Amino acid sequence: MNATSGPSPAGALLLCRADPPTVRPPAQLLREPLLLAPAGDGWSVLVPEGTPWQDGGEPVERVVTGWATALAVSAAGWPVLALWWDADRAGTTLAAGFRRTVGYTWLAAGTPAGEDEAMRTLADRLALDPVLDVQALEPLTLPDPEADSRTRLLGLVAVLARTGLALPIGLDPGEAPDRLRAAALAAGAEQLEWPGWREAVLDELDVVEEGPLGPYVRGPRARFLGGVQLAAGVPLLLWGLGRRSGGWATAGALLVAHGALGLAYDRLRER
C-alpha cells in the first residue's frame, strides 16, 4: 500500500500476550463491548466496537491506552499492546504492569513521529530478540515514501509474528471497526459480556489460582502457610500487647489476619 491511500476510519486492536481464558476476566472488568479471539501461540486479540471514539468522545489513542493500562495492571504479568489508527495518525501503545506506558506514532503518510528509544523499550518489554527483532523494527522508525501508517502497523505485526502472534484472517490493522468485528466473528471470536461482580470476582480468582501463585493461595501449601502465619502471629501479638509495643502488636495482628483469611479462603473455595 502506498502513501496516497489514507487509513480507514478510527479503529483499534488490543493484542494481549496471554491465552483467551487468562484474558477474559480482566477484559470483562472493562465493561465494554469486546470480542475475544485467540491470536497465535500465547497471544489473544480483543476487538472493540469503537463506540467511545465514534460518538465524538475522546480520541481513539487515549481510549485504548486507558484500556491497555487497565488490563495490564489487573493482569498477572502479561503485557498488552494496543494498535490504533484514525484519519490523521496511527500508532501503538504498550502497557505492562504498573510501568509507564510506551508508544510510537506515525502520521497518516507513514512519517515516523516517535522516538527510536520508545521502539527499543517496546521490544525489551515484549521480550523480543535484542538483535534480530530490534533490527527488524528499525525500518519502522525510518522515512519510507512507499509506506503509509497502515503499512507501518502491518510491519509491526509481522515482527511480532516471530513470537507466535497470528491474527485471524481479515483482522488487519487499519480496517474499519465493523469489518474487524465481522472478521473476528467469522473466526469464532467470543462476545464478552459483563457477568456481574460476583462472577467477575470468581473468574479472577480462578485465574489467580491457576497461575504461579495458585499453590500459595489454595491447597496444601496455602494451608501450611496460613498455619505458620497463625503460629507466629498469635504469640507475637500477645507479646506485643504485654509489652505495650504497638509495632510488634500490629505485626502480630497482621500475621494472624493473613493466616486466618488464608485458611478461611481455602475452605470456602473448597466448598
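Heavy atoms only: backbone and side chains are in, while hydrogens, waters and symmetry mates are out. Predicted, not measured: the structure shown is a model, and the values here were computed from it.
- Looking at Trp78, its side chain never comes within 3.5 Å of a backbone N or O of Asp19 through a donor-acceptor pair.
- If you check the side chains of Thr151 and Asp148, you find a donor sitting under 3.5 Å from an acceptor.
- Remark: the backbone N or O of Ala18 is paired with a side-chain donor or acceptor of Ser44 at under 3.5 angstrom.
- Between Arg152 and Asp144 the shortest heavy-atom distance is NH2-N, 3.4 Å.
- Considering CG of Leu126 and CG of Leu160, their distance stands at 6.5 Å, rounded to 0.5 Å.
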Using residues 106-121 as the side-chain source, report each donor-acceptor pair under 3.5 Å to any protein atom, sequence neighbours left out, with the distance given to one decimal.
| residue | atom | partner | partner atom | Å |
| --- | --- | --- | --- | --- |
| Trp106 | NE1 | Leu140 | O | 2.7 |
| Glu117 | OE1 | Arg120 | NE | 3.3 |
| Glu117 | OE1 | Arg120 | NH2 | 3.1 |
| Thr121 | OG1 | Glu117 | O | 2.9 |

* **Full working for side-chain contact (heavy atoms from CB on, under 4.5 Å) between Asp172 and Val157** => CA-CA 9 Å; Asp172 300 321; Val157 170; over 6 Å; no
* Would you check, one step at a time, whether the test side-chain contact (heavy atoms from CB on, under 4.5 Å) holds for Arg181 with Glu49? => CA-CA 7 Å; Arg181 290 179 67 83; Glu49 188 175 90; 3.8 Å; yes
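- Taking both residues in full, the closest heavy atoms of Ala96 and Pro79 are given as CB-CB, 4.1 Å, listed atom of the first, atom of the second, then distance.
- Between Val47 and Leu171 there is a side-chain heavy-atom pair separated by less than 4.5 Å.
- When all heavy atoms are compared, the tightest approach of Gly164 to Trp43 is C-CD1, 3.7 Å.
- With hydrogens and angles ignored, the 3.5 Å screen pairs a side-chain donor or acceptor of Gln191 with a backbone N or O of Leu34.
- Sorted by first then second residue, the salt bridge (Lys or Arg N to Asp or Glu O under 4.0 Å) pairs that include residues 129-139, not counting sequence neighbours, are Asp133-Arg162.
- Side chains of Thr92 and Leu122 form a contact here, defined as non-hydrogen atoms less than 4.5 Å apart.
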* Taking it one step at a time, do Thr101 and Thr69 satisfy side-chain contact (heavy atoms from CB on, under 4.5 Å)? -> CA-CA 7 Å; Thr101 59; Thr69 301; 3.4 Å; yes
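- In the hydrophobic clustering of this structure, Leu30 groups with Val63; members are Ile, Leu, Val, Met, Phe, Trp, Tyr whose side-chain heavy atoms approach within less than 4.5 Å, directly or through other members.
- When all heavy atoms are compared, the tightest approach of Gly11 to Pro177 is CA-CG, 4.1 Å.
- The shortest side-chain heavy-atom distance between Thr93 and Leu81 does not fall under the 4.5 Å cut-off.
- Judged by distance alone, the side chains of Trp84 and Thr65 never bring a donor and an acceptor atom under 3.5 Å apart.
- Glu190 has its side chain within reach of Leu192: a pair of non-hydrogen atoms, C-beta onward, lies under 4.5 Å apart.
- Considering every non-hydrogen atom in both Trp53 and Pro48, the closest pair reads CH2-CG, 3.9 Å.
- Although no hydrogens or angles enter the test, the distance criterion places a donor-acceptor pair under 3.5 Å between the side chain of Asp86 and the main chain of Arg89.
- Follow the hydrophobic side-chain contacts under 4.5 Å out from Tyr104 and you never reach Val134; the two are in separate clusters.
- In the hydrophobic clustering of ILVMFWY residues, with side-chain heavy atoms under 4.5 Å counting as a link, Leu167 and Leu154 come out apart.
- For Leu142, the CG atom sits in a packed shell: over 12 heavy atoms of surrounding residues, nucleotides or ligands are nearer than 6.0 Å.
- The shortest heavy-atom contact between Arg17 and Ala127 is NH1-CB, 4.3 Å.
- Side-chain contact check for Leu46 versus Leu71: some heavy-atom pair is nearer than 4.5 Å.
- Leu14 is listed as a side-chain neighbour of Trp67, based on a closest heavy-atom distance under 4.5 Å.
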* Check the pair Leu137, Leu128 against side-chain contact (heavy atoms from CB on, under 4.5 Å), reporting the backbone distance first and the verdict last. => CA-CA 10 Å; Leu137 289 172; Leu128 302 183; 4.0 Å; yes
